[in-house]
Participant: 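What follows is a structure written as structure tokens; I'll ask about it next.
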Amino acid sequence: MEKKKIAAFAQKNETSPSGSKRHPISRASRREREMTKKHPSIKTFQDLILALQSYWIKQGCLIAQPLDIEVGAGTFHPFTFLRAIGPEPWKAAYVQPCRRPTDGRYGENPNRLQHYYQFQVMLKPSPDNIQALYLDSLQAIGIDPKEHDIRFVEDNWESPTLGAWGIGWEVWLNGMEITQFTYFQQAGGLECRPVTGELTYGLERVAMYLQGVDSCFDLIWQEDAQHKITYGDIFLQNEQEMSAYNFEWADTALLFEHFTHHETQCRFLIEKALPLPAYEMVLKASHTFNLLDARHAISVTERQRYILRVRTLAKAVAELYYQTREKMGFPLKANG
Amino acid sequence: MKKQNDIKNKINRHAATHPRESQSSTLNPKNDFLLELLTEELPPKELTTLAHALMNAIEKKLKENGLTYQSAQYFATPRRLAVLIHQLDAVQPDRQIERRGPPLSRAFDEAGNPTQATLGFAQSCGIQHTELIKSQTDKGAWLAYVYCEKGKSVFELLPTIVQETIQQLPIRKPMRWGSHTDTFVRPVHAVVMLYGKKVISCEILGLQSANKTQGHRFLSSGWLTIKQPSEYESIFKKSGFVIADCDERKKVIHQQLAHAAKKMGADVIVDPDLLEEVTNLTEWPIVLIGTFDAAFLEIPQEALISSMQHHQRCFPLVDPHKKLINQFLIVSNMVSKESQKIIQGNERVMRARLSDAGYFYRQDLSKPLIQYVDDLNRVVFQAPLGTLYEKAARLAKLTAFLAQQLGINLQVAERAAFLAKADLMTQLVGEFPELQGIMGYYYALKSGENPTVAEAIKEHYLPHYADAPLPTTELGKTLAIADRIDSLIGIFGINKKPSGDKDPFGLRRAAIGLIRLLKEMPLLNLDILLRKSIELYGPKLTQHTVENDVSDFIYERLKYWTTSNNEYTIEQFLSIDKKQVHALADFMARLSAVRTFSTLPESKSLASANKRVAHLLEKQEGIAAIDAVDPALLKESAEKTLWQAIIKKEAEINTITDYTDKLKTLAELKEPVDQFFDTVMVMTEDSSLRQNRLALLKKLRALFLKVADISRLITTNT
């Protein structure tokens, strides 16, 4: 049923591709706006990203670009983790590609990927109406809370490698987790004052729901009169090859060396009072650890020690970052 | 005494001068009080505890403030905590305050005029010195000013009471939000403080109190005004789409679940913890029926059930043969015209979840169970004790040792023990730890293991808790015993025994399980098993007293287990020799016999007789005792009769195996024993007679001691 509705609307849309601008603004655009409210035109993966971006732009967020380093979650982007530290306000939204080597399934599992996308929203301080803002964002992508069963189910977040934790929920849409919602309490071992509110949409999950498909590889990424590209067209080969690399071929001896190198570099950069490059080293160490973990190269007891090593770095970087911002007089403080 | 009356008179007089006040305190008007905190979604597992704690703390403070009320009630939903106090006093009762002035001895001079101290005191109280009264206690006499402090109204008291209560709530992880300084369990959006129809104006967690709240997040819109506390529940039901009372909501869900199951001709599996959780995840619960592809039913149903319950908070349905069917129940929080969308959404997730379970299951089956045993090398059991693989190897040896004593098949026992922990390394158990043992059972069967082996693997985790079912097969019990002994010896052996409320390895539960298992296995001797386990650990254990430590620990757990629910009295327990704990089944048989004996009319007198004998014998310690009774030295008829009776009973009880029957038989000694103590002087001057009588009594006591020391049944203060 869901599928049909979206498909029907898609057809309608195709007949007048760049419609609204040519029509007189008044009636047509109002009608379109009303139509959008009932049947938003989120039919592709890229439409979903656009819709979320434009919604959060309206809420005053700056749209950032993804971090160019491998990370396991949007939280690792300095625009969330580092910006959550200290008193400076910050509002940002961005897509972040995430890598979780152990989640790879050679493209055989319809729901598990070692590389996927998160849409991350970071609001500091967390506004009092943050839940309402979030629910409105669902409306903006065509999910009517009055038709569905939307629930905020307790799920407190903790990142042992970042020394960070928060209180929050996973948001359920008819039993499916579509968003992680967190009030940061600590980052890098530092108390968050003010508190950052973080919203992390699982883009594939949301898109699968909107498009009514059971496999993320069937998601339509782009579709117009000439093109139709699916998520599988783009990423299936990547999942297959990267799973092979992550699980079978990653050179563990070299990765152990890398880990030590990143750790040493990080300490060195901290000594040089350079928190931003030092933080990059934390991220690289963290990803290296994830790769070693996927290769089962680290025993269960050692695992804890490695996590602790990364956390120690993350905490030192967090403190240093705070100090450098403090020295600069927290320049964005007046920007609230 | 007289002085106290004086005070009373004075107060009465004082009160009488203010008739209006007096009236207000005797005819204290009452009204209902409502506190509601409207919050963001609260943690479901903490919700009921918090609401309860909120109510209790408020009640406690009301009492401390001398405010009475008829009853208290709490409400809790995902978005609110509320307390309703019925018929609460509007004001505190007036209190009489006595302010102490100078001692009487220094209050008046010789002429009887007030001293400077007295005048000064009166002045400081703002009264004439003649208004002071005399107050006397054991410690002396004073001049005093007695006055009436007017009770404060709830409008003055409740803000502080509520503020303090909120600060003291047992919140597991308090949080901050935005730029606010307050902490609470979740962000708060509105506070209702209502006494009768009036708002108690104050600030709570940075919010101004009012009489407005919100209903269901999606089904209700805007603010709801609560005119008076008694309307709280009904307003929500009328226009809020909220069932505020947890118990009622739970009942509604349970009824809907049962109803839906009935419609499907099935039974619903209701896990009480899950029911509690979904109750606290919904304000307006609506049960919906979902379906999944019957092909999933090929996966062991325990795995499907775990997946449904834990990941999706759904309720599984089973047919009359307890077999899972391909329908499940969803507890939604929504009335939707498009409920089909909600069902379809849930079905889609369920499909993905069950596919995951199926994927893990097939992956796990890609190699036989025995091959997972090697993987146990990767998991540390406890650092100084080595890996789980080493545990499996020890278990195999210990179980074989047990099997030998029980006369069960050695190879089968050893195999089961060696495989027992293998499923911990499978993906499904990694995902659902509660499936340990159960998946081992399925994988063992699929790997072509002996069904007895498979059963034992499944059962060796039983009993899960104190009253839970025991394994049903002999090998299951044997393996369960070996597993618990290995853990107890290992953890005690590296000195990590439980202390206080810390028992991270669940050793208390393990010990109770062990006791219950050993009770069923009379052939096993605890001491021998402990020693064998110690031997198997070898040099890994650093605690040299480990055998005694574990034995004492089990004895203490046994004491707790048998006496904590009043099944046995502590005296009955202590009547059994501690050393008997090595033969647990025997210990329990004796204990049960003593309990039965205690109900006999003869028991009291025989118990005191035994106690008396024990005392007499104690006093003789160190003096060369004659153990044998010389019948020739028996003079009195009562001692002769007792001797005959003892000989007879000794012969009788040697032919009886049952401890209860033994004690019943011995109970018949009451008459001759009473007779003996009534007529025979034990501590007579004649030492040979005395020694002979003591020997006779020793013999008597020895008869009882074959079962228990019934002298212990006498409590010291009777």
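Chain letters run A, B, ... following the sequence lines, proteins first, then strands; residues in each count from 1.
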Participant: Compare all side-chain heavy atoms of A:Glu88 with those of A:Pro331 and state whether any distance is below 4.5 angstrom.
Facilitator: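 When only atoms from C-beta onward are counted, A:Pro331 and A:Glu88 do touch, with a gap below 4.5 Å.
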Participant: Measuring heavy-atom distances to chain B, does A:Gln185 have an atom under 4.5 Å in its side chain, in its backbone, in both, or in neither?
Facilitator: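 Interface part for A:Gln185: both.
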Participant: Assess whether a salt bridge exists between A:Asp293 and A:Arg295, defined as any Lys/Arg side-chain N lying under 4.0 Å from an Asp/Glu carboxylate O.
Facilitator: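 No.
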Participant: Taking every non-hydrogen pair under 4.5 Å, which of B:Arg217, B:Lys337, B:Glu40 racks up the most with chain A?
Facilitator: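 Of B:Arg217, B:Lys337, B:Glu40, B:Glu40 has the most heavy-atom pairs under 4.5 Å with chain A.
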Participant: Run the ring pair (Phe, Tyr, Trp, His ring centres under 6.0 Å) test against A:Tyr306 and tell me which residues pass, sequence neighbours left out.
Facilitator: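 For A:Tyr306 the ring pair (Phe, Tyr, Trp, His ring centres under 6.0 Å) partners, ignoring immediate neighbours, are A:Phe259.
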Participant: Name the option with the most non-hydrogen atom pairs under 4.5 Å to chain A; the candidates are B:Glu46, B:His189, B:Met334.
Facilitator: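 Result: the option with the highest number of such pairs is B:Met334.
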Participant: Between the side chains of B:Glu390 and B:Lys540, is the shortest nitrogen-to-carboxylate-oxygen separation below 4.0 Å, so that they form an ion pair?
Facilitator: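 A salt bridge is present here (some side-chain N lies under 4.0 Å from a carboxylate O).
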Participant: Does a donor on one side chain and an acceptor on the other come within less than 3.5 Å for A:Asn246 and A:Gln114?
Facilitator: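 A:Asn246 vs A:Gln114: donor-acceptor pair found between side chains.
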Participant: For A:Asp128, which atoms come within 4.5 Å of any heavy atom of chain B: side chain, backbone, both, or neither?
Facilitator: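 The answer is both parts of A:Asp128.
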Participant: Heavy-atom distances under 4.5 Å only: say whether A:Asp144 touches chain B with side chain, backbone, both or neither.
Facilitator: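 For A:Asp144, neither part sits under 4.5 Å from chain B.
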Participant: When heavy-atom pairs shorter than 4.5 Å are enumerated against chain A, which of B:Ser336, B:Gly345, B:Gly178 gives the highest number?
Facilitator: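 Between B:Ser336, B:Gly345, B:Gly178, the count favours B:Gly178.
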Participant: Can a cation-pi geometry be assigned to A:Lys146 and B:Phe218, taking NZ or CZ under 6.0 Å from the six-membered ring centre and within 45° of the ring axis?
Facilitator: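 A:Lys146 over B:Phe218 ring: no.
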Participant: Would you tabulate the side-chain donor-acceptor contacts of residues 188-196 of chain A under 3.5 Å, counting partners in other chains and residues two or more places apart, or write 'none'?
Facilitator:
from: A:Glu191; atom 1: OE1; to: B:Arg176; atom 2: NH2; distance (Å): 2.8
from: A:Glu191; atom 1: OE2; to: A:Gln186; atom 2: NE2; distance (Å): 3.1

Participant: In terms of heavy-atom proximity below 4.5 Å to chain B, should A:Ile150 be classed as side chain, backbone, both, or neither?
Facilitator: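 For A:Ile150, heavy atoms of backbone and side chain both lie under 4.5 Å from chain B.
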Participant: For A:Arg112, which atoms come within 4.5 Å of any heavy atom of chain B: side chain, backbone, both, or neither?
Facilitator: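 Just its side chain gets close to chain B.
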Participant: Please classify the contact of A:Pro145 with chain B as side chain, backbone, both or neither, using a heavy-atom distance under 4.5 Å.
Facilitator: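 Looking at A:Pro145, backbone and side chain both touch chain B.
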